[in-house]
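Have a look at the structure below, then the notes.
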Amino acid sequence: MAEAKAKTTPLLKGATPKGILTWAWLEKPDTKFGKSQYKAALRLEKGIPENDAFVKKINDLHKSVKGKTDQRPFKDGDVLAEDNEKRENLRGFWVMTFKSKNKPEQMDAKRNELKVSARSGDLAKISFSLVGMDTGTFKGATAYLNKIMLLERRANDDDGFGEGDEDYEADTATPRTNDRTDDADDSDDDSGDGDDKDF
């Protein structure tokens, strides 16, 4: 018997404010938990009106599709740090993870393709698709990673990794551009309110 397909609802397509990349797997997928996913979390500084408004908008969209409070896309870094001392670098930030089955396109601020991948600790923006999802076991909003815009290389100053993340390998190869597929994980449907666009 075939598995039931998850119900998806396009919610928003757009780009984040600038933030700090964390736990970035952009050159090769993370396969640690039995899934093959390119991903990156983004830290947005709390207390900045643009960031706080963006976080509220995303979390409100999650709530609009019956998502649970403890599964909101943006997490409070102060709370995450309380649960795990290895996450002290999350204090003072909102944190959200973006994932994709496809390798994301990476560019600089002038939209030139990156020769070396962005890394954890770099200042960047993320182009994403936010989709409401109901899998039966999960209901709420999930964010798909479409593109990365590198604004400033800072990886040597703040790599975004706490202790115990020694299985990370540096992104060193030249990235290639993948053809995007029509996959629910990377919805290209423009379903937002018209105000949000790619970079």
Side-chain angles (χ1 to χ4, degrees), residues 3 5-6 8-44 54 58 73-75 95-133 135 138 140-156 158-162 165-192 196-199:
E3 259 184 55
K5 190 171 182 179
T8 59
T9 306
L11 297 173
L12 180 69
K13 183 178 178 183
T16 67
K18 63 184 177 183
I20 301 167
L21 292 176
T22 304
W23 306 313
W25 289 83
L26 301 172
E27 186 54 35
K28 68 175 189 174
D30 179 8
T31 57
K32 188 172 183 180
F33 298 105
K35 294 182 178 180
S36 180
Q37 295 179 322
Y38 296 91
K39 62 184 182 179
L42 191 71
R43 286 184 280 164
L44 296 179
F54 181 75
I58 296 296
F74 267 107
K75 312 285 192 225
V95 185
M96 182 172 172
T97 301
F98 302 80
K99 301 176 182 178
S100 175
K101 290 180 180 176
N102 299 310
K103 188 173 185 178
E105 181 182 345
Q106 297 188 59
M107 63 186 74
D108 64 20
K110 294 182 179 178
R111 294 177 172 77
N112 298 312
E113 182 181 357
L114 293 186
K115 300 300 183 189
V116 177
S117 179
R119 297 177 58 192
S120 296
D122 288 339
L123 189 67
K125 289 183 177 183
I126 293 178
S127 169
F128 67 94
S129 297
L130 190 72
V131 177
M133 186 169 288
T135 65
F138 171 83
T142 190
Y144 296 114
L145 171 61
N146 294 330
K147 301 176 187 176
I148 299 284
M149 177 180 276
L150 177 66
L151 301 175
E152 184 180 338
R153 292 213 182 261
R154 294 182 175 179
N156 291 337
D158 177 6
D159 67 5
F161 287 91
D165 292 312
E166 60 279 344
D167 60 338
Y168 176 78
E169 293 180 18
D171 296 324
T172 56
T174 302
R176 64 184 179 359
T177 303
N178 279 6
D179 292 332
R180 313 277 315 164
T181 59
D182 292 328
D183 187 334
D185 282 2
D186 295 286
S187 172
D188 286 328
D189 294 335
D190 189 358
S191 55
D196 294 280
K197 299 175 182 174
D198 283 347
F199 308 122

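No hydrogens, no waters, no symmetry mates; every other heavy atom, side chains included, goes into these values.
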Would you indicate whether the side-chain heavy atoms of Lys13 and Leu130 approach each other to under 4.5 Å? no
Calculate, to the nearest 0.5 Å, the distance between atoms NZ and CD belonging to Lys32 and Gln37 respectively. 13.5 Å
Can you give me the closest heavy-atom contact between Leu150 and Leu123, atom names plus distance? CD1-O, 3.6 Å
Do Thr9 and Val131 have side-chain heavy atoms sitting under 4.5 Å apart? no
Check: Met149 and Met107 side chains under 4.5 Å, non-hydrogen atoms: yes
Minimum-distance pair of heavy atoms, taken over all atoms of Ala118 and Arg153: CA-NH1, 3.9 Å
Pairwise side-chain contact, Ser36 with Lys101, heavy-atom cut-off 4.5 Å (strictly under): no
What one should report as the nearest heavy-atom pair of Leu151 and Lys125 is CD1-CG, 4.0 Å
Please list, chain by chain and in numerical order, all residues satisfying side chain to side chain donor-acceptor pair (under 3.5 Å) with Lys39, sequence neighbours excluded. Asp30
Any ion pair linking Glu27 and Lys103 (charged N to carboxylate O, less than 4.0 Å)? yes
Atom NZ of Lys115 and atom CG of Asp108: how far apart are they, to the nearest 0.5 Å? 10.0 Å
With sequence neighbours excluded, what pairs up with Pro73 under the side-chain contact (heavy atoms from CB on, under 4.5 Å) test? Ile58, Asn59, His62, Met96, Ala141
Find out whether Phe128 and Thr16 are in side-chain contact, i.e. whether some heavy atom of one side chain is under 4.5 Å from a heavy atom of the other. yes
Answer yes or no: is there a donor N or O on one side and an acceptor on the other, between the side chain of Ser120 and the main chain of Ala24, under 3.5 Å? yes
Check whether any side-chain heavy atom of Ser100 lies under 4.5 Å from a side-chain heavy atom of Asn146, and answer yes or no. no
Please name all residues satisfying side-chain contact (heavy atoms from CB on, under 4.5 Å) with Ala124, sequence neighbours left out, ordered by chain then number. Leu21, Ile148
Grab the two heavy atoms, one from Phe54 and one from Leu44, that are nearest each other, plus how far apart they are. CD2-CD1, 3.9 Å
Indicate the atoms forming the closest heavy-atom contact of Val95 with Trp23, along with that distance. CG1-CZ3, 4.2 Å
Value rounded to 0.5 Å, distance of CH2 in Trp25 from OG in Ser117: 12.0 Å
Take Thr142 and Met133 through the test side chain to side chain contact (heavy atoms under 4.5 Å, CB included) and record every step on the way to the result. CA-CA 7 Å; Thr142 190; Met133 186 169 288; 4.0 Å; yes
Would Asp122 and Ile20 satisfy side chain to side chain contact (heavy atoms under 4.5 Å, CB included), going step by step from the backbone distance to the final call? CA-CA 6 Å; Asp122 288 339; Ile20 301 167; over 6 Å; no
Is Thr31 reaching over with its side chain to a backbone N or O of Gly34, donor-acceptor style, under 3.5 angstrom? no
By side-chain contact (heavy atoms from CB on, under 4.5 Å) - contacts of Lys75 (at least two apart): Leu80
Determine the minimum heavy-atom distance between Phe98 and Ile126, stating which atoms define it. CD1-CD1, 3.6 Å
